[in-house]
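Protein chains get the first letters and strands the later ones, always in sequence-line order, with residue 1 at the start of each. Scope of the values below: all heavy atoms of this structure, side chains included, with no hydrogens, waters or symmetry mates. Here the structure is a predicted model, which is why all the values come from computation and not from measurement.
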Amino acid sequence: MALKIYNSLTRQKEVFEPINAPYVGMYVCGPTVSGESHLGHARPFITFDVLYRYLLHLGYKVRYVRNITDAGHFEEEGKVAEDKITSKAILEKLEPMELVQKYTHLYHWAMDQFNNLPPSIEPTATGHIIEQIEMIKKIMTDGFAYEANGSVYFDVIKYNEVYSKKNQPYGILSGRNLEDQLDTTRELDNQDEKKNKVDFALWKKAPVEHIMRWQSPWGEGFPGWHIECSAMATKYLGKKFDIHGGGMDLQFPHHECEIAQSTVCNHELPARYWVHNNMITINGRKMGKSYNNVVKLSELFDGSHPILTQAYSPMTVRFFILQSQYRGTLDFSNEALQASEKALRRLMDAYEWLKAQSFTSEKKSTDASLDQQLKTWVNELPEFMEDDLNTAKVVANLFEMVPVINSLKDKHITAEAVSGATWQLVQAQLTLFIEQVLGIKVESGVNKKQLNGVIHLLIDIRKEAKAKKDFATSDKIRNQLLEMGIQIKDEKDGEVSFTFS
RNA sequence: UGUCAUGUGGCCGAGUGGCGAGGCAAGGGUCAGCAAAACCCUUAACGAUGGUUCAAAUCCAUCUAUGACAGCCA
């Protein structure tokens, strides 16, 4: 069976065939580091992490490029032309790059919490200004962009005229036609610079107060929103690469514009497979500032957002996301997260127990149908992954096996019911799919507060033992704690303290 | 308003026309000093109305509700 993924470009599931096997190039749009990452960011990065992991598992040599947008773009194109990062920096009295650094660190921290593998290359927009300028120059030379008052715009109408004849109209990815947009695009103020309202900026002239600015053939300014991804993808993955990923909200206009830019420069569609994850909603609503329901990842992990009734661990959130297929919307609620938390614990308890067992392959099975059923569940795991990353089905099968494992643990079934070889297969495949493919790691459920409580309890028991002159017990507690790296010390005043070594 | 999606049991979510995924919750039972866990069993859904079909959650049409995009957004 071969890996099939849904290609937004062709609107169907397609068998994945790399251009240049075993090499695979994958580009995923990363975050704008003008603020802290929120729950919405978690989905694409976890989704594409799983795709990355699965491609690696299949034996591909993957170059995974995920950018960091640190240049800031216009909040409202044409109207205010204000740099998001700069404006926030003034509010916080931080240098723009200081702010970028701060949020980049926080973003990396969150990615690490989720157990996402780092990408192969993580280029920044500000590190590729030259490449972006070169690309814009090329687009202008070919006549698909024009300068107006120090800014450069992409000529969408002209592009559409020329490339419609080559079966590649503007709107090829999003399924929009240009005529509709010309009719319905809202009239924004101050658009006189553009020949047409559908045109988008490649380079923007920097207003005097703008801190982030670079010298260009058109004066001082900063790059437009879309050009960075085209420039960096081309630089690191070539003119044509395998997979381009991102959130569904980026499909239009961002990815559409990327296609137009790259096509003009490189004379071909930049990527073969366009993969888009769907959005996360909160209690049925989209996350957005106006709804006051944007949950930052740090708030999610410590439960500090008012919408949350408790904290949720990174693995709970990861598991929650993987319980659905990436192309559907996923509704977040406390109830749903709590369900995931409990479910994950049950799954991992069973898995960890099984992992610690040893089986000998000589043992024959006494329950052939159960033996066969386990093999079937395990063998279906790759099939589900290869059907457009149906992690929901993978998880469902994992849960089918939990009662069997627990029955073995509680001796409701005998160890001989299933052959040793099958148990070994189950062990190996569960490790592969839970840890490697889904990227779920064992979380220690014990926090410091609980641990301290336990130590105090042991200290109390030791005190009681000493009072009864049961020194065997008291020494056992002290010595074994010491072996675990916890040293308890009897103070002169009779109090007991402890330190972790 | 345009474009595109979506509507599955109390909640979250899979579903490739043909014996009702899975998780959480709920009810009953086994086990058990109590509790928890675990195991077994049970309940329950396919937005509405038509249509195609031997057979539809699944295909078609209309309606309805919700959402996304069209300006930033994962």
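- The residue His38(A) sits close to a base: some heavy atom pair falls under 4.0 Å.
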Give me, pair by pair, the N or O atoms of the protein and of nucleotides 14-18 of chain B that are less than 3.5 Å apart, along with how far apart they are.
from	atom 1	to	atom 2	distance (Å)
rA14(B)	OP1	Gln325(A)	N	2.9
rA14(B)	O3'	Asn390(A)	ND2	3.3
rG15(B)	OP1	Asn390(A)	ND2	2.8

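- Pair assignment for rA32(B): none, as no Watson-Crick or G-U wobble contacts are both less than 3.5 Å.
- The distance between atom CZ of Phe45(A) and atom C1' of rC73(B), rounded to the nearest whole Å, is 12 Å.
- Looking only at atom types and distance, the side chain of His255(A) has no donor-acceptor partner in the side chain of His226(A) under 3.5 Å away.
- Distance, Met401(A) CE to rA38(B) C1': 18 Å, rounded to whole Å.
- On the C1' atoms, rG13(B) is 30 Å away from rU52(B), given to the nearest whole Å.
- The number of heavy atoms from other shown groups lying within 6.0 Å of CZ (Arg63(A)) does not exceed 12.
- For the residue pair Asp70(A)/Tyr103(A), the side-chain donor-acceptor check at 3.5 Å is not satisfied.
- When both pairing distances are held under 3.5 Å, rU6(B) makes a Watson-Crick or G-U pair with rA65(B).
- For the C1' atoms, the distance linking rA48(B) with rU66(B) amounts to 15 Å, nearest Å.
- Rounded to a whole angstrom, the distance from the C1' atom of rU42(B) to that of rC34(B) is 27 Å.
- A donor-acceptor contact closer than 3.5 angstrom is absent between the side chains of Ser174(A) and Gln251(A).
- Taking the P atoms as reference points, rU53(B) lies 34 Å from rG10(B), given to the whole Å.
- The distance between atom CG of Leu250(A) and atom C1' of rA68(B), rounded to the nearest whole Å, is 13 Å.
- Under a cutoff of 6.0 Å and an axis angle of 45°, Arg43(A) and Tyr326(A) do not form a cation-pi pair.
- Glu122(A) and Asn67(A) share no donor-acceptor pair across their side chains, judged by distance under 3.5 Å alone.
- Atom name P, nucleotides rG17(B) and rG28(B): the rounded distance is 41 Å, in whole Å.
- In this structure, of rC40(B), rA74(B), rC12(B), it is rC40(B) that holds the atom nearest to the side chain of Pro403(A).
- Side-chain nitrogen and oxygen atoms of His412(A) include none within less than 4.0 Å of the OP1 or OP2 phosphate oxygen of rC39(B).
- Remark: the separation of the C1' atoms in rA21(B) and rC12(B) is 14 Å, to the nearest Å.
- Mapping Ser333(A) and Asn406(A) onto RNA chain B by nearest heavy atom places Ser333(A) at the nucleotide closer to the 5' end.
- Pairing partner, rU16(B): none, since no Watson-Crick or wobble contact has both distances short of 3.5 Å.
- Atom CH2 of Trp377(A) and atom C1' of rG23(B) are 15 Å apart (whole Å).
- A salt bridge links Lys375(A) to Asp371(A): one of the charged nitrogens lies within less than 4.0 Å of a carboxylate oxygen.
- Taking atom P in both rU64(B) and rC72(B), one finds a spacing of 31 Å when rounded to whole Å.
- When each of rC40(B), rC12(B), rG22(B) is scored by its nearest atom to the side-chain atoms of Leu330(A), the top-ranked nucleotide is rC12(B).
- The closest side-chain heavy-atom distance from Ile282(A) to Asp331(A) is not below 4.5 Å.
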Protein and nucleotides 24-28 of chain B: nitrogen or oxygen contacts under 3.5 angstrom:
from	atom 1	to	atom 2	distance (Å)
rC24(B)	OP1	Arg346(A)	NE	3.1
rA25(B)	OP1	Lys342(A)	NZ	2.6

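- Spacing of C1' atoms, rA44(B) relative to rG27(B), comes out at 12 Å, to the nearest Å.
- The base-pairing partner of rA26(B), taking Watson-Crick or G-U wobble contacts with both distances under 3.5 Å, is rU42(B).
- Under the 3.5 Å distance criterion, with hydrogens and angles disregarded, no donor-acceptor pair is assigned to the side chains of Asn116(A) and Tyr52(A).
- Distance Ile280(A) CD1 to rU6(B) P: 18 Å, rounded to the nearest Å.
- At least one cation-pi condition fails for Lys195(A) and Tyr153(A): the charged atom is not both under 6.0 angstrom from the six-membered ring centre and inside a 45 degree cone around its axis.
- When both distances must be under 3.5 Å, the Watson-Crick or G-U wobble mate of rU52(B) does not exist.
- rG7(B) atom P lies 13 Å from atom CG of Asp331(A), rounded to whole Å.
- Candidate nucleotides rC69(B), rC12(B), rA21(B) were compared by shortest atom distance to the side chain of Phe252(A), and rC69(B) ranks first.
- No engagement by Glu341(A) is indicated, since no non-hydrogen atom pair under 4.0 Å with the nucleic acid exists.
- A 4.5 Å side-chain heavy-atom check between Tyr64(A) and Pro118(A) finds every atom pair outside the cut-off.
- Both His41(A) and Asn397(A) lie near RNA chain B, and the one whose nearest nucleotide falls closer to the 5' end is Asn397(A).
- Distance, Met248(A) CE to rC73(B) C1': 15 Å, rounded to whole Å.
- The residue Pro253(A) sits close only to the backbone: its heavy atoms come under 4.0 Å of sugar-phosphate atoms, none of a base.
- Residue Trp225(A) contributes atom CH2, which lies 9 Å from atom P of rA74(B) at whole-angstrom precision.
- Residue Ser407(A) places its side chain closer to rC39(B) than to any other of rG13(B), rA38(B), rC39(B).
- Of the N and O atoms on the side chains of Asp302(A) and Ser304(A), at least one donor lies less than 3.5 Å from an acceptor on the other residue.
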